[in-house]
2 protein chains.
Amino acid sequence: MAQKVKLSTIAETLGLSTATISLALRDSPLVAADTREKIKEQARVLGYIYNRRAASLRTSRSGIIGVVVHDIMNPFYGEILKAIETELDRSRHTFILSNHYDSVDKQRMFVETLLQLGGDGVIMSPAIGTPPEDVLLCENNGMPAIFVARSMEGLDVPIYRGDDTYGISLATNHLIGLGHRSIAMIGGTDQTSTGRDRYQGYVNALRKAGIEVDPGLRIPGPRTKQGGFEAAVNFLSLPQKPTAAVCWNDLVAIGLMNGIARAGLVPGQDISVTGYDDLEEASIATPSLTTVWNGQAEVGRLAARALLDKLAGSHEPDGIHLIKPEMRIRQSTGPIRR
Amino acid sequence: MAQKVKLSTIAETLGLSTATISLALRDSPLVAADTREKIKEQARVLGYIYNRRAASLRTSRSGIIGVVVHDIMNPFYGEILKAIETELDRSRHTFILSNHYDSVDKQRMFVETLLQLGGDGVIMSPAIGTPPEDVLLCENNGMPAIFVARSMEGLDVPIYRGDDTYGISLATNHLIGLGHRSIAMIGGTDQTSTGRDRYQGYVNALRKAGIEVDPGLRIPGPRTKQGGFEAAVNFLSLPQKPTAAVCWNDLVAIGLMNGIARAGLVPGQDISVTGYDDLEEASIATPSLTTVWNGQAEVGRLAARALLDKLAGSHEPDGIHLIKPEMRIRQSTGPIRR
DNA sequence: CTGAAAGCGCTTACAG
DNA sequence: CTGAAAGCGCTTACAG
């Protein structure tokens, strides 16, 4: 490749100083309009590429924002990411993405890399077991963090997520309203705030309806289609013979419905199933999935907005911001059959 | 936050020079072992964060690799990305991800950002209509490119993808072998190399079996579940009454099966459906999907490997590297019903 | 409106 | 085995 074109190359060919070139390319009004145009044209002709590393070394602003979640292939996070991307694109920030797969080590490596690159901020859905120090590491090095989808105790970090306790109680109440009394809860774990909140919402709804809570009806497991699919066997062999299942999320629900269908039963008729999240896919599942809208796009958009505002110097309150979930009733739930 | 810790901070507190610190932290054998340990310990104590921008400004190596594909939320790309991530993690590279959604502009903006950050290389699945200049821009600035999943004419860029013509003929032959004669092709577009290759493979297989090719049996459309779902109506109202459908990919196939099921027909019995890709999801669909394994993980792994080798100075041949697809027969296809 | 000069935090010959 | 010094390519006071 040819000799690298830098500010000084443009400066020399035009008989100007690098200071003027630098200002002109960033549209400073200090530079005369025609000088500015001449400079921009020359930059184009020479194929100049702005060196952000050099600039950021000088300004200590990189324009880089990190995002780390459990798994970007999970459409729940995918929908959050898409909203973040849209928001960051608009403000010409670059975003660097990583999965942590709930490995605290992998998450820490990502955070360190981001600090080394001079990241301006980070949006994270913290891995299970994240030590507060790992988040403080960001804050103490001038890189503010925002949480999405998951909370962590004892930290003053703004967090954006759905109101899980309320949301899951919507689903449970819906099933109770259809006459179901033996309702299982499928998928998920107690190791995340989300997990505890969702289980609590389910328990609350049952208690309120005067239904005894049977721990045997809780089948924890992976939060994936595969997880739901595999849970079907356990679910169908439960001695309590539940007539309905509240699933951790849409993926588990769709997997469970597939498993139920394999066993020759018809989800939505023989067994009622609710999901959670209202993924794009929920409405085209067969049967279409009754679920709870969890506002992924809102979560992503608001979190990105909040971070950008913070970087721009605004001091809005930290703390938790809950998106209020809404019921979406479709074909996967129906009245109990006697 | 406290005063920033840099090499010179460590140097001063230890009474050494920054050169020695720099060497020690990178495990240079030039530094005495005990000095090195002392330095590393001090770096830890002070909470030193390596400034990659400064280093990369000096060395002109950033450790950053860009990856840009149509849509990371599409599990087909997701599976490729996961393999790339695994490979890059191993060599301690940072990867920056972006969707282009087949917008040439968005793709170019990403490439420019990557160049500004001093990216070492880029792995791309080029957007429809990508001008060769946009790829040459990378190469001419010392940032080699590797293609995955899609080819582009007239460029000497290494490309890794499945053999689409062969793969789709496997699926078509499978259906012909089951007695089907009226076989539709659902989803996709002729605007990508993949699209043209797949249609060709379908046409080839039909011709070879002496079946006349009916252009009316080709229903192009989005390569998504939603696309397949919506295509079901058109498919079922085709005057030719096809008994089978070769789908562009697994997503289209699953969507189509959902649509067929909604219409009261049983996919795999009334209508045979094949997918393409063999996503993780294919085997848990209901019915489980007969499809063609397309080696996403291989594509990602090999492409990342090739790029890393190239960066390490090896000069392996450019050109196309085809992964050979394999048939996966499951429950969504069956003998024709008379 | 434009220029000369310092400095961001590293690494790398080179010297000792 | 360790140090002094230059330089990577920008931006930013400051001067004129």
Side-chain angles (χ1 to χ4, degrees), chain A residues 1-40 42-43 46-64 113 115-120 141-142, chain B residues 1-40 42-43 46-64 113 115-120 141-142:
Chain A
M1 85 193 153
Q3 194 54 44
K4 198 161 219 168
V5 178
K6 39 195 176 180
L7 282 193
S8 63
T9 318
I10 305 179
E12 284 162 21
T13 59
L14 248 33
L16 290 165
S17 75
T18 58
T20 305
I21 311 295
S22 172
L23 292 168
L25 291 180
R26 281 174 298 135
D27 286 318
S28 163
L30 283 175
V31 181
D34 55 337
T35 315
R36 207 190 315 156
E37 280 321 304
K38 206 165 43 182
I39 289 172
K40 289 197 165 187
Q42 182 74 341
L46 295 176
Y48 171 68
I49 289 167
Y50 179 66
N51 188 328
R52 283 224 234 177
R53 293 166 290 177
S56 132
L57 182 58
R58 181 60 223 250
T59 62
S60 69
R61 267 286 190 121
S62 66
I64 292 176
T113 300
L115 285 168
Q116 294 178 355
L117 291 170
D120 293 337
N141 285 285
Chain B
M1 90 192 151
Q3 194 56 43
K4 199 161 219 169
V5 178
K6 42 196 174 179
L7 282 192
S8 63
T9 318
I10 304 179
E12 284 161 21
T13 58
L14 248 34
L16 290 165
S17 74
T18 57
T20 304
I21 311 295
S22 172
L23 292 168
L25 291 180
R26 284 174 297 135
D27 287 318
S28 163
L30 283 174
V31 181
D34 56 335
T35 315
R36 207 191 312 157
E37 280 321 303
K38 205 165 43 183
I39 290 172
K40 288 197 166 186
Q42 182 75 339
L46 294 176
Y48 171 68
I49 290 167
Y50 179 66
N51 187 327
R52 282 225 235 179
R53 293 167 291 178
S56 131
L57 182 57
R58 180 62 223 250
T59 62
S60 69
R61 266 288 190 117
S62 66
I64 291 176
T113 300
L115 285 168
Q116 294 178 356
L117 291 170
D120 293 337
N141 286 284

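A note on names: the letters A, B, ... follow the listed sequences, proteins ahead of strands, and every chain is numbered from 1. Side chains included, hydrogens not; waters and symmetry mates left out as well; all remaining heavy atoms used.
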K.L.:
Can you name the residues that form a side-chain hydrogen bond (donor to acceptor under 3.5 Å, both in side chains) with B/Ser22, not counting sequence neighbours?
P.N.:
B/Arg26

K.L.:
Heavy atoms only, 4.0 Å cut-off, all strands: where does A/Ser60 land among base, sugar-phosphate and nothing?
P.N.:
nothing

K.L.:
List in chain and number order the residues that pass side-chain hydrogen bond (donor to acceptor under 3.5 Å, both in side chains) with A/Arg36, two or more places apart in sequence or in another chain; answer none if no residue qualifies.
P.N.:
none

K.L.:
If the condition is side chain to side chain contact (heavy atoms under 4.5 Å, CB included), which residues does A/Ala19 pass it with, not counting sequence neighbours?
P.N.:
A/Ser17

K.L.:
Would you give me the side-chain donor-acceptor pairs under 3.5 Å for residues 27-34 of chain A, sequence neighbours excluded?
P.N.:
{"from": "A/Asp27", "atom 1": "OD1", "to": "A/Lys40", "atom 2": "NZ", "distance (Å)": "2.7"}
{"from": "A/Asp27", "atom 1": "OD2", "to": "A/Lys40", "atom 2": "NZ", "distance (Å)": "3.4"}
{"from": "A/Ser28", "atom 1": "OG", "to": "A/Leu30", "atom 2": "N", "distance (Å)": "3.0"}

K.L.:
Which dot-bracket notation, 5' to 3', represents the base pairing of DNA chain C when pairs are defined as Watson-Crick or G-U with both distances under 3.5 Å, crossing pairs as [ ], and inter-strand pairs as |?
P.N.:
|||.||||||||.|||

K.L.:
Where along nucleotides 8-16 of chain C does protein come under 4.0 Å, by heavy atom, of base (B) or sugar-phosphate alone (S), with - for untouched nucleotides?
P.N.:
BBBBB----

K.L.:
Contact class for A/Gly118 vs. all strands (heavy atom < 4.0 Å): base, sugar-phosphate, or nothing?
P.N.:
nothing

K.L.:
Testing B/Thr18, B/Leu46, B/Thr20, B/Leu16 for side-chain contact (heavy atoms from CB on, under 4.5 Å) with B/Ile10, which one passes?
P.N.:
B/Leu46

K.L.:
Applying side-chain hydrogen bond (donor to acceptor under 3.5 Å, both in side chains), name anything that partners B/Arg58, two or more places apart in sequence or on another chain.
P.N.:
none

K.L.:
Could you pull out all residues at least two apart from A/Ala55 that satisfy side chain to side chain contact (heavy atoms under 4.5 Å, CB included)?
P.N.:
A/Tyr50

K.L.:
Could you work out, with side-chain hydrogen bond (donor to acceptor under 3.5 Å, both in side chains) as the rule, every residue matching A/Ser8, not counting sequence neighbours?
P.N.:
none

